[in-house]
Novice: 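Handing you this structure, nothing more for now.
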Amino acid sequence: MQPLSTVLLKPGEADRILAGHPWVYHGSVLRLTQPTPDGELVQIKDHRQRFVGVGFYNAKSRINVRVLSPDRVEVDRAFFEQRIRAALAVRQRHMPNATSFRVVNAESDALSGLIVDKYEDVLVVQTSSLGMDQRKPMILGALQEIFSPRAIVERNEVASRKFEGLPDANGILAGSLEGPVAINLNGLQFDVDVLGGHKTGLYLDQQVNYQRVADLARGGQVLDCFSFLGGFGLHAARAGAAHAHMLDQSADAIAAATCHAAANGLAEKCSAEAVNVFDWLKAHTLTQPHEKILPRWDLIVLDPPSFTRNRASVPDALRGYKEIHLRALKLLKTGGTLATFCCSHHVDAGLFQDTVLSAAFDARKILRRVATYSQSPDHPIIPMIPETEYLKGFAFEVVR
Ligand code: SAH
């Protein structure tokens, strides 16, 4: 093994790394012992020269080192194969029936900068750090060995690559692929556009929640807001909802949701509309003086995109969250259920629930919390790395 350059940490900066957080910020670094090309493997030592771990170096990024191991490991194809197999075992243990899922979730799987999603026999890879990006051939080799996939696609159009000095990239890296990939989620069929769809094709992090929320649908009228391909609406329709109506501002998503309803034999129980949810909810809750809203929904799902980009945008985001909750609560029947999600890392579960309760106060509703949700287990949460936890949700019944 080649001798590695050393990144020396300032006093007090080693503990967080030793405790398992893999990011060494620029501000934590005392010095680099020799000039080192970006993307190289380096060793990290504390200010007393005690070994802390190894990781990928990049002076261009605010995260100077992304730690890979507390040991002096060789980072080769075998290393990636071993890490990916370990990550796969976690999914097989916690989602034994899933055939499409996130195989590698970056920091959650001790592979900062790497995401691998499995859509049946097609893999989608995202490398958001320079060190990972430079090792794509090794990573592909390991993935071929483990999965023998039909195709491997890269979806490298994420903003975070810019901070690492990497350009956008999108395309087929191995094998061949034509048209969408037909996948199975909890027994429902979805066609996924892995080269063009949101994220790497769809929101795999809600897989477990689709089923749990659907179990609350019980013969009722369901409104799936921010539906994308209709994950919640279709699961609810299959689980016995009388009808599911899906809303998303993307006409493509709504067209796809309609096709999926038909492909799953649920066309008669489903409808979908390409609209702005804020406008739709406003239009349906607007009343003349002395006019009352006739609530007609039994289950409303709110799964908006993250309204925050950073901590500074949190107050605006909370106003947005509050508005949709207030209007949704006005549209729910007494005894009905609100299933609501927040995927912003900057809004934690407590703040999110406070926002829902403040909307409930304005709507003069009392809520009973009947479920709490998190991201599916293929997006593991490592509490020592708070950034790995982002999706939270609740189901509330309207008591009165
Ligand atoms: N529930 C979906 C994921 C939702 S992601 C699922 O399980 O797959 C957020 C979705 O909200 C995206 O599909 C996006 O197109 C849509 N969206 C964002 N802003 C919107 C708005 N103001 N009105 C309607 N849809 C919106």
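We're numbering straight along the sequence, starting at 1. Just follow the structure's listing: the first ligand is 1, and inside any ligand the first atom is 1.
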Novice: Within less than 4.0 angstrom of ligand 1, does D224 place any heavy atom?
Specialist: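 No, that is not the case, since the closest heavy atom of the residue is not under 4.0 Å from the ligand.
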
Novice: Determine which pairs satisfy ring-ring contact (aromatic ring centres under 6.0 Å, His included) with at least one residue from residues 313-336, sequence neighbours left out, and list them in order.
Specialist: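 Of all non-adjacent pairs touching residues 313-336, those that pass ring-ring contact (aromatic ring centres under 6.0 Å, His included) are F307-Y321, Y321-F352, H325-F352.
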
Novice: Hey, quick one: are L223 and F278 part of the same hydrophobic cluster, counting side-chain heavy atoms closer than 4.5 Å, chains of contacts allowed?
Specialist: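 Same hydrophobic cluster.
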
Novice: Please list all pairs passing the side-chain hydrogen bond (donor to acceptor under 3.5 Å, both in side chains) test where one or both residues lie in residues 247-257, with sequence neighbours left out.
Specialist: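 Applying side-chain hydrogen bond (donor to acceptor under 3.5 Å, both in side chains) to every pair that reaches into residues 247-257, excluding sequence neighbours, yields nothing.
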
Novice: For ligand 1, which atoms, with element, lie under 4.0 Å from some heavy atom of V277?
Specialist: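 Going through ligand 1 atom by atom, the ones under 4.0 Å from V277 are 21 (C), 23 (N), 24 (C).
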
Novice: I need the nearest protein heavy-atom contact for atom 4 (C) of ligand 1: residue, atom name and distance, please.
Specialist: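 Protein heavy atom with the smallest distance to atom 4 (C) of ligand 1: F226 O, 3.2 Å.
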
Novice: Tell me the protein heavy atom at minimum distance from atom 25 (N) of ligand 1, and give that distance in Å.
Specialist: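 The answer is Q249 N, 3.0 Å.
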
Novice: Is the closest heavy atom of F341 to ligand 1 under 4.0 Å?
Specialist: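 F341: no contact with ligand 1 (<4.0 Å).
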
Novice: Can you list the atoms of ligand 1 that are under 4.0 Å from a heavy atom of F228?
Specialist: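 Going through ligand 1 atom by atom, the ones under 4.0 Å from F228 are 2 (C), 3 (C), 8 (O), 13 (O).
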
Novice: Which of the numbered atoms in ligand 1 are below 4.0 angstrom from a heavy atom of V275?
Specialist: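 Counting atoms of ligand 1 from 1, those under 4.0 Å from V275 are 23 (N), 24 (C).
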
Novice: Within less than 4.0 angstrom of ligand 1, does S227 place any heavy atom?
Specialist: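 Heavy atoms of S227 do come under 4.0 Å of ligand 1.
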
Novice: Does L202 have a non-hydrogen atom less than 4.0 Å from ligand 1?
Specialist: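 False for this residue.
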
Novice: Of F232, F394, F226, Y390, which is the lone residue that meets ring-ring contact (aromatic ring centres under 6.0 Å, His included) with F341?
Specialist: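 Answer to the ring-ring contact (aromatic ring centres under 6.0 Å, His included) test with F341 among F232, F394, F226, Y390: F232.
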
Novice: Starting from atom 16 (C) of ligand 1, locate the nearest protein heavy atom and write down its residue, its atom name and how far away it is, to 0.1 Å.
Specialist: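 Answer, as residue, atom name and distance: D248 OD2, 3.2 Å.
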
Novice: Taking 4.0 angstrom as the limit and counting only heavy atoms of P305, give me the atoms of ligand 1 inside it, by number and element.
Specialist: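 By the 4.0 Å cutoff, the relevant atoms are 9 (C), 11 (O), 18 (C), 19 (N).
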
Novice: Out of Y210, F278, F190, W280, whose heavy atom sits nearest atom 8 (O) of ligand 1?
Specialist: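 Result: the heavy atom closest to atom 8 (O) of ligand 1 is in Y210.
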
Novice: Flag N276 as yes when one of its N or O atoms lies below 3.5 Å from any N or O atom of ligand 1, and as no otherwise.
Specialist: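 Yes - when backbone and side-chain N and O of N276 are compared with those of ligand 1, one distance drops under 3.5 Å.
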
Novice: Please name the pair of heavy atoms, one in L302 and one in A328, separated by the smallest distance, quoted to 0.1 Å.
Specialist: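 Minimum heavy-atom separation between L302 and A328: CD1-CB, 4.1 Å.
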
Novice: Angle between ring planes, F228 versus Y203, binned at 30° and 60°: parallel, tilted or perpendicular?
Specialist: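 F228 and Y203: perpendicular rings.
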
Novice: In plain terms, say whether D279 and K282 are close enough for a salt bridge, that is, a side-chain N and a carboxylate O under 4.0 Å apart.
Specialist: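 Here D279 does not pair with K282 in a salt bridge, since their nearest N and O are not under 4.0 Å apart.
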
Novice: Where do D38 and A59 come nearest, in terms of heavy atoms and distance?
Specialist: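 Where D38 meets A59 most closely, the heavy atoms are OD1-N, 2.8 Å.
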
Novice: Of all the non-hydrogen atoms in the protein, which one sits nearest to atom 1 (N) of ligand 1, and at what distance?
Specialist: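 Of every protein heavy atom, D303 OD2, 2.7 Å lies nearest to atom 1 (N) of ligand 1.
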
Novice: Whether the Q126 and R161 side chains hold a donor-acceptor pair (N or O, under 3.5 Å, no angle test) is what I'd like checked.
Specialist: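 Judged by distance alone, the side chains do not pair up.
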
